[in-house]
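The block underneath contains the structure these notes are about, expressed in structure tokens.
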Amino acid sequence: MTAKDIGARETAAVLVRAEGEVDDESLAYLREKVAAALDRPGLPAVNGEVRVRRASAHHVELPWSGRTDIRVGSNLVVVHAREASARELADRLHDRLRSATEHVTHRSDTTRRTAAPPPWRGGPQNQGLTAPARPGGEPEPTPAPGVPRPRS
């Protein structure tokens with residue numbers, strides 16, 4: 001079976017394959033959606049495959065199914081979807097593929113992390129720090145570890 005027999009088309013480094021009765025218009029719309037999800041600045045090298053299939057049985061409730069196996073940098077992104085029409089399938093694959101690639105590319109961002117873990121999770125202890133001053137100006141005594149502070 002050659003690429004022509006199964007309706008394979010290539011979008012950048014992503015191959016789009018169709019099985020079953022898939023018309024060219026639906027395949028073109030799917031290629032546009034995949035390209036919109038993956039042709040963005042800031043993404044590492046992208047390559048892989050999108051497979052679209054239409055069930056031949058007429059009694060199937062969701063005859064359109066799609067699967068993507070795309071490598072973004074060194075991470076593999078796998079997305080599945082089943083829908084009633086080709087346009088709905090393309091839109092659903094686009095949404096899931098975009099969110100999955102966002103998750104993969106921003107997984108290592110540290111902008112929302114704290115500088116150090118809290119003391120009860122193995123972070124630095126408050127040893128050597130002075131306690132806040134009392135209203136009279138004298139520092140509050142630091143209680144021994146494990147002893148609760150008196151309430152004022």
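Hydrogens, waters and symmetry mates play no part in the numbers below; they use all other heavy atoms, side chains included. For this chain, numbers begin at 1 and follow the sequence in order.
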Output, in order, the C-alpha distance, side-chain angles, deciding distance and verdict of salt bridge (charged side-chain N to carboxylate O under 4.0 Å, His left out) for Glu19 and Arg17.
-> CA-CA 7 Å; Glu19 297 176 17; Arg17 291 187 178 188; over 6 Å; no
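Atom NE2 of residue His103 and atom CZ of residue Arg98 lie 16.0 Å apart, to the nearest 0.5 angstrom. With values rounded to the nearest 0.5 angstrom, Glu25 atom CD is found 6.5 Å from Arg87 atom CZ. The CZ atom of Arg53 sits 11.0 Å away from atom CZ of Arg51, with the distance rounded to the nearest 0.5 Å. In this structure, OG1 in Thr68 is found 12.5 Å from NE2 in His94, a value given to the nearest 0.5 Å.
Using a 4.5 Å cut-off on side-chain heavy atoms (C-beta onward), Leu93 and Val79 make contact. Between Leu89 and Ser65 the shortest side-chain heavy-atom distance does not fall below 4.5 Å. Counting heavy atoms from C-beta on, the side chains of Val14 and Val50 come closer than 4.5 Å.
Between Ala84 and Leu62, the shortest heavy-atom contact is N-CD2, 3.6 Å. Closest of all the heavy-atom pairs between Ala100 and Val77 is CB-CG1, 3.4 Å.
Residues satisfying the salt bridge (Lys or Arg N to Asp or Glu O under 4.0 Å) criterion with Glu102, sequence neighbours excluded, are Arg40.
Between the side chains of Asp23 and Tyr29, not a single donor N or O lies within less than 3.5 Å of an accepting N or O.
Annotation: Glu21, atom CD; neighbour count of heavy atoms from other residues, nucleotides and ligands within 6.0 Å does not exceed 12.
Counting only distance, with no hydrogens or angles, the side chain of Arg96 and the backbone of Ser99 share no donor-acceptor pair below 3.5 Å.
Evaluated for a side-chain contact (heavy atoms from CB on, under 4.5 Å) with Val72, the options Thr101, Leu97, Asn47 yield exactly one hit, Thr101.
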